[in-house]
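All values below were derived from every heavy atom in this structure, side-chain atoms included, with hydrogens, water molecules and symmetry-related copies excluded.
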Amino acid sequence: MAASTLGSAWGPLWLRVPGLCCCRPLRDPWARARRLPEPAGSGRSVAAVSGPGASGTDRYCLELLRKRDYEGYLCSLLLPAESRSSAFALRAFNVELAQVKDSVSEKTIGLMRMQFWKKTVDDIYRDSPPHQPVAIELWKAVKRHNLTKRWLMKIIDEREKNLDDKAYHNIQELENYAENTQSSLLYLTLEILGIKDLHADHAASHIGKAQGIVTCLRATPYHGSRRRVFLPMDICMLHGVSQEDFLRKSQDKNVRDVVYDVASQAHSHLKHARSFHKSVPVKAFPAFLQTVALEDYLRKIQQVDFDIFHPSLQQKNTLLPLSLYIRSWRKRY
């Protein structure tokens, strides 16, 4: 079936891929996102968010997020006031790790940086953080909320393993990476909010996996410009697509079918996470607001018939701040 017909039917094509039966097939088309008026003055200054008593390290984390993880920055603004600074520190820590891979020319240097962060986390739990802005703010968050060290180390370990420029062998490898990075980040965010709930953890697991898959899709044009492709090899082989097809930005039906299969799995995880909606404590909802950005990307990629290189997919959604605020006000994720 050509991808051009999938944009409307959006049927369970991914069921043909071995190992993708862990989630329910998609039985209905994606709901269209509401079109909302653009907010007036949606941006907020670092000084305004930080407050008059903010430290230099706090402002450093805010600025890092605004530049490197704008969606995470917006989501963190909507957390309760007493939790924001810790969430900023946590996401800044994730950014520091995420940018190692693209900022080093040799794997050895990347491994050294990861070793620095492993030692930093150890030192944080010994109450002797190094004089590094993110480390200091993370130490404050750990002290304030008694964060679980295991989740922090999982993020580092997984980012370290990912320093190799290798495509994922299958969708499960991509999901494992997402679970150990994005889901771990959500587990820590739930701890910041003081939430210990099995249903919230299940939702966090699926949202994290959806986040990881969507991030892989969104980064494909960038990685392609550097002659790298990380999309699952088993799905590419299923459709007879080579890495070279992505490097030359092919718009063939088979290439779009690969994108469809991968996007379908992200959408399935998002639906599964929302199936826990009535069981998840309302207090946990702010931790899951990133689903708004995920839903927006998946809707847009469907609208362009799964052409992953379409220019519209690289444009920032100016309505995102307002969409996040409305979803937060409605207490939904």
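Taking a 6.0 Å sphere around CZ of Arg332, one finds it holds 12 or fewer heavy atoms contributed by other residues, nucleotides or ligands. By the neighbour-count criterion of 12 heavy atoms within 6.0 Å, atom NZ of Lys149 is densely surrounded, having more than that number from other residues, nucleotides or ligands. Atom OH of Tyr325 sits in a sparse spot, with 12 or fewer heavy atoms from other residues, nucleotides or ligands closer than 6.0 Å. Within 6.0 Å of CZ in Arg68 there are 12 or fewer heavy atoms belonging to other residues, nucleotides or ligands.
A cation-pi arrangement is present between Lys316 and Tyr70, with the terminal nitrogen or guanidinium carbon under 6.0 Å from the aromatic centre and inside a 45° cone about the axis.
Side chains of Tyr60 and Gln132: a donor-acceptor N/O pair is absent below 3.5 angstrom, by distance only. Neither side chain, Thr181 nor Glu158, offers a donor N or O lying under 3.5 Å from an acceptor on the other. Under the 3.5 Å distance criterion, with hydrogens and angles disregarded, no donor-acceptor pair is assigned to the side chains of Gln290 and Glu71. A side-chain donor-acceptor contact under 3.5 Å links Tyr177 and Arg159.
Under the 4.0 Å criterion applied to side-chain N and carboxylate O atoms, Lys253 and Asp257 are assigned as salt-bridge partners. The residues Lys283 and Asp197 are annotated as not salt-bridged, no charged nitrogen and carboxylate oxygen being separated by less than 4.0 angstrom.
Without hydrogens or angle criteria, Ser268 side chain to Gln265 main chain gives no donor-acceptor distance under 3.5 Å. Between the Thr220 side chain and the Cys216 main chain, a donor and an acceptor come within less than 3.5 Å of each other. Between the side chain of Asn170 and the main chain of Asp234, no donor-acceptor pair closer than 3.5 Å is present. Side chain of Thr215 to backbone of Gln211: a donor-acceptor contact under 3.5 angstrom is found. Under a 3.5 Å cut-off, the side chain of Ser250 and the backbone N or O of Asp245 do not form any donor-acceptor pair. Ser183 places no side-chain N or O within donor-acceptor distance of the main-chain N or O of Asn180, the cut-off being under 3.5 Å. At distances below 3.5 Å, not a single donor-acceptor pair connects side-chain atoms of Asp252 with backbone N or O atoms of Val255. When atom types are taken as modelled, the side chain of Arg228 and the backbone of His223 share no donor-acceptor pair closer than 3.5 angstrom. A donor-acceptor pair is defined here as one N or O able to donate and one able to accept, closer than 3.5 Å; no such pair exists between the side chain of Lys209 and the backbone of His269.
In this pair, Tyr333 and Phe288 present their aromatic rings perpendicular. The plane angle is above 60°, beyond the 30 to 60° band. Below 30°, between 30° and 60°, or above 60°: for Trp117 and Phe93 the angle between ring planes is above 60°, a perpendicular geometry. Classification of the Tyr260-Phe306 ring pair by plane angle, with boundaries at 30° and 60°, yields perpendicular.
Between Asp305 and the options Arg256, Gln251, His310, a side chain to side chain donor-acceptor pair (under 3.5 Å) holds for only Arg256.
One hydrophobic cluster, built from ILVMFWY side chains closer than 4.5 Å, holds both Leu97 and Leu111.
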